[in-house]
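Working notes for the structure below.
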Amino acid sequence: MQQNVLPADYYLTNFRQLTDFVVSRYAHLLGEDALAFYQALTSLPDDAQKLYVRMLLRKGQYFRRSKLGYDEITSVDAALNVLAEAGFVTVDAPAPDVALVKLFTKAELVACFADASLKPLSRAELDESLLQRPIREVCDQLLAFAQRQDGEQLIQLCRGEHFVVFRLLFFGNLHQDMTDFVLRDLGLSRYESYPLDADSAALQTPDQVAAHLLYYDYCEQAENIDDHCAADITCMLRSLVSELMTATKSDSVLRRRVHRLLLKYARQLERLQATQAALEIYQQVDRPPSRERQARLMAEQHRFVEALALCEQILQDSTNEEEQEFAEAFAARCLKKAARSGCDTSNLMASHALQRARLNLAKYTPPTELLALSGADTSVEECVAAHFRSHGACFFVENTLMNAVFGLALWEVIFAPVKGAFYHPFQIGPADLYEDFASNRQGLLQRFWQEISDSDSLSAKVLATFRTKSGIANPFVHWPALDEALLTLALARIPYAHWEAVLKRMLLDIRHHRSGFPDLIWFPDSGGYELLEVKAPGDKVQQNQRRWMAYFDRHHIPHRLVNVQWL
DNA sequence: ACCCGCCACGCATCG
DNA sequence: TCTACGGTTG
DNA sequence: CGATGCGTGGCGCAACCGTAG
Ligand SMILES: [Mn+2]
Ligand SMILES: [Mn+2]
């Protein structure tokens, strides 16, 4: 892959692109101080802006002058003077902050504090021991130590917190950053070009922005928290709930993010045996696997009636297949345990949902073959593929093939300019991909199925898109795993009705139906095709894999489970 | 598309 | 001296 | 025993540098 050469001030250009974009579209969402920050910074000479942005893009807010070696800046010292004058940095006047310690090496710290007892400590222990001392004194000594070195200065970057707001408004999240610009400009990633209409924005109101910023504050807090202190975690989560839960009512994106965070840390509370706290947090979340976790915790405490009530609720209203299957199986087990422990189960047995669950327990068993192979140095899947290649072509595809055909066939639908779906240039897909993708595109999909109504039109569409969009990011297309020969063969051998069935199930629930496809696709010399899921001894079919195979069975899509036995 | 989603693997537990 | 890692760079 | 649940590891741009051990 060719690598483009970037201009020396590429980072300033990128910074300006981002901030200009935000100011021109979202000025009404920027606070007064953020806007003032932008105006003050952009009125400085280029060199000062360059240095400021260089520091802004590095970690932390403290820097040693000796580590600011930027050849493209005519005079770093002059730039620093300008920045200091304008209040964008301080020089040799750092706030007392433990982060300053990170600017110095072990050897320097030992010398700085002239304390030989520090020497045998590891870096982590050294940091820890300095943390015990008064911060003020430590920082004074560090500053004095730095100043004793020729030309050294301690720079503190100021007002950097405003850039976070710009990033949030630009990307709609804080996990993307300026590297997206660089990777694109280097030619390492390519994005589809979709219109960014004036009215599409990730965030709409100042309150929403504030809530998101608060959420990311909590994320940061969570990352720095002691993972095995249940009390600390509980305390943080309670505070998050009280400050953020109301904001999630009207903001589905924030809701999703907050729920994820709560689920993750409630699970951690479980590991720490903090059952009550975990339950308390789970009760704030109404998405899977919250009720499953609650039911498990209830059953663990022999509160079978409550566990069963949760299962019953799931059976009645959950649209999540995995959660449904859990409730069916778990309810059956709980009923047994409840009966055995002498609970009165007569009320429970009257529940329709629970009765249905007890009948519904049969799991689909795919056609199965036992294959004896002698071990090799490659993966099981490759061994089995090699075996099947003696009677045809065989590829190790897992999700990549079906997903690729989905992504290529539906390319225009995926990137259609639906309102609110695209709001910055670095999206690999629409914002609502995993939410209401199909219902927000009913007309487009209807026209798609009219246009793509047979094998020829599907093949033509997929192969044409494969060529014209090659290399462009798409949430379903993993370009390196794809080659035209495989695609051509698959399109020729797999009947239209099968493709239609697969794509339609994917469309029903993209998030949960984009995975679980079998390992291999085999094209026998005699024609046709078959999907093969390989299992080594000790491995077993996963739930999402089984659901796909059950669906294959209903649609007469040829598939098989290949259990390997090592010779 | 948030130290993840996706897959396989290895271990402990339990009817 | 060598290696592992995190931070910085384009 | 098989079934189940839990935790794990690899894979994510690549080259370079300084620091820690
Ligand atoms: Mn697999
Ligand atoms: Mn497999």
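Contact annotation for A:Asn544: backbone-only contact, meaning every heavy-atom pair under 4.0 Å involves sugar-phosphate atoms and none involves a base. Within 4.0 Å (heavy atoms only), A:Glu108 reaches no atom of the nucleic acid at all. Nucleic acid contact class of A:Tyr215 (heavy atoms, under 4.0 Å, all strands): base. A:Glu533 comes within contact range of the sugar-phosphate backbone alone, with a heavy-atom separation under 4.0 Å but no base atom that close. Residue A:Ser122 is in sugar-phosphate contact alone, with no base atom involved, counting any heavy-atom pair closer than 4.0 Å across all strands shown. Counting non-hydrogen atoms under 4.0 angstrom, A:Leu183 reaches a base of the nucleic acid. Within 4.0 Å (heavy atoms only), A:Arg293 reaches sugar-phosphate atoms of the nucleic acid but no base atom. Backbone-only contact: A:Gly516 has heavy atoms under 4.0 Å from sugar-phosphate atoms and none from a base. Residue contacts shown for A:Asp539 are limited to sugar-phosphate atoms, with no base heavy atom under 4.0 Å away. Contacts of A:Glu223 with the nucleic acid, taken as non-hydrogen atoms under 4.0 Å apart, are absent.
Comparing atom distances between the A:Leu6 side chain and each of B:dG15, C:dG10, D:dG21 picks out C:dG10 as nearest. Distances were taken from every side-chain heavy atom of A:Ile428 (C-beta onward) to each of D:dT4, C:dT9, B:dA1; the shortest belongs to B:dA1. The nucleotide whose nearest atom lies closest to any side-chain atom of A:Arg296 is, among B:dC9, C:dT8, D:dG5, D:dG5. Considering only the side chain of A:Val380, B:dC9 comes nearest among B:dC9, D:dA20, C:dG10. Picking from B:dC6, B:dC2, C:dT8 the nucleotide with the shortest atom distance to the side chain of A:His175 gives B:dC2. The side chain of A:Lys106 approaches D:dA20 more closely than any other nucleotide in the set D:dA20, B:dC2, B:dA8. Of the listed nucleotides (B:dC2, B:dC7, C:dG7), B:dC7 has the atom at the smallest distance from the side chain of A:Gln542. If you check B:dC7, B:dA1, C:dT9 against the side chain of A:Ser515, the one that comes closest is B:dC7. Checked against D:dT4, C:dT8, D:dG7, the side chain of A:Arg267 finds its nearest nucleotide in D:dG7.
A tilted orientation is assigned to the rings of A:Phe426 and A:Phe170, their planes being inclined by 30° to 60°.
Comparing C:dT1 with D:dT19, their C1' atoms sit 15 Å apart, to the nearest whole Å. Here, D:dT8 and C:dT8 have their C1' atoms 31 Å apart, quoted to the whole Å. Atom name C1', nucleotides D:dG7 and B:dC4: the rounded distance is 16 Å, in whole Å. Distance noted for atom P between D:dA14 and B:dG5: 22 Å (whole Å). Rounded to whole Å, the P atom of D:dG12 lies 16 Å from the corresponding atom of C:dC5.
At D:dG7, one or more side-chain N or O atoms of A:Arg271 fall inside 4.0 Å of OP1 or OP2 (strictly under the cut-off). Applying the 4.0 Å criterion to OP1 and OP2 of D:dG18, one finds that A:Arg64 has every side-chain N and O outside that range. An OP1 or OP2 oxygen of B:dA8 is reached within less than 4.0 angstrom by a side-chain nitrogen or oxygen of A:Gln545. Close to D:dG18, at under 4.0 Å from its OP1 or OP2, lies no side-chain N or O of A:Arg123. Considering only side-chain N and O atoms, A:Lys67 lies under 4.0 angstrom from the phosphate OP1 or OP2 of D:dT19. OP1 or OP2 of B:dC7 lies within a sub-4.0 Å distance of a side-chain N or O belonging to A:Asn399. Taking only side-chain nitrogens and oxygens, A:Lys535 comes nearer than 4.0 Å to OP1 or OP2 of B:dA8. OP1 and OP2 of B:dC2 both lie 4.0 Å or more from every side-chain N or O belonging to A:Arg256. When the side-chain nitrogen and oxygen atoms of A:Lys540 are compared with OP1 and OP2 of D:dG5, none of them lie within a distance under 4.0 Å. Regarding contacts with the backbone of C:dG10, a side-chain N or O of A:Arg54 is found under 4.0 angstrom from either OP1 or OP2. Taking side-chain N and O atoms only, A:Arg260 has no distance below 4.0 Å to OP1 or OP2 of B:dC2. Using a 4.0 Å cut-off, no side-chain N or O of A:Tyr11 falls inside it from OP1 or OP2 of C:dT8.
Side-chain contact annotation: A:Ser66 with A:Glu152, donor-acceptor N/O pair under 3.5 Å present. For the residue pair A:Asp185 / A:Tyr10, no side-chain donor-acceptor distance below 3.5 Å is found, with atom types taken as modelled. Between the side chains of A:Ser515 and A:Asn399, no donor-acceptor pair of N or O atoms lies under 3.5 Å.
Judged by closest nucleotide on DNA chain B, A:Val253 is the one of A:Val253 and A:Asp519 placed further toward the 5' end. Comparing A:Ala431 and A:Arg514 by the nucleotide of DNA chain B that holds the closest heavy atom to each, the one mapping nearer the 5' end is A:Ala431.
For the pair A:Asn403 CG and B:dG5 P, the interatomic distance rounds to 15 Å; values are reported in whole Å. The separation between A:Tyr70 atom OH and C:dT8 atom P is 8 Å, rounded to whole Å. As a whole-Å value, the separation of A:Lys59 NZ from C:dG7 P is 4 Å. Taking atom NZ on A:Lys336 and atom C1' on B:dC14, their separation rounds to 12 Å, with Å as the unit. For the pair A:Arg333 CZ and D:dG5 P, the computed distance is 5 Å after rounding to whole Å. Atoms NE2 (A:His478) and P (D:dC11) sit 13 Å apart, rounded to a whole Å. Atom CG in A:Leu103 sits about 16 Å away from atom P in D:dG18, given to the nearest Å. Rounded to an integer number of Å, the gap from CZ of A:Phe15 to C1' of C:dG10 is 19 Å.
The backbone N or O of A:Phe422 sits less than 3.5 Å from a side-chain atom of A:Ser200, completing a donor-acceptor pair. Remark: the backbone N or O of A:Trp411 is not paired with any side-chain donor or acceptor of A:Asn474 at under 3.5 angstrom. Although no hydrogens or angles enter the test, the distance criterion places a donor-acceptor pair under 3.5 Å between the side chain of A:Gln545 and the main chain of A:Gln542.
Here CG of A:Leu142 is found 12.0 Å from NZ of A:Lys102. Values are rounded to the nearest 0.5 Å.
At a threshold of 4.0 Å, the pair A:Lys363-A:Glu325 does not count as salt-bridged, since none of the basic side-chain nitrogens sits closer than that to a carboxylate oxygen.
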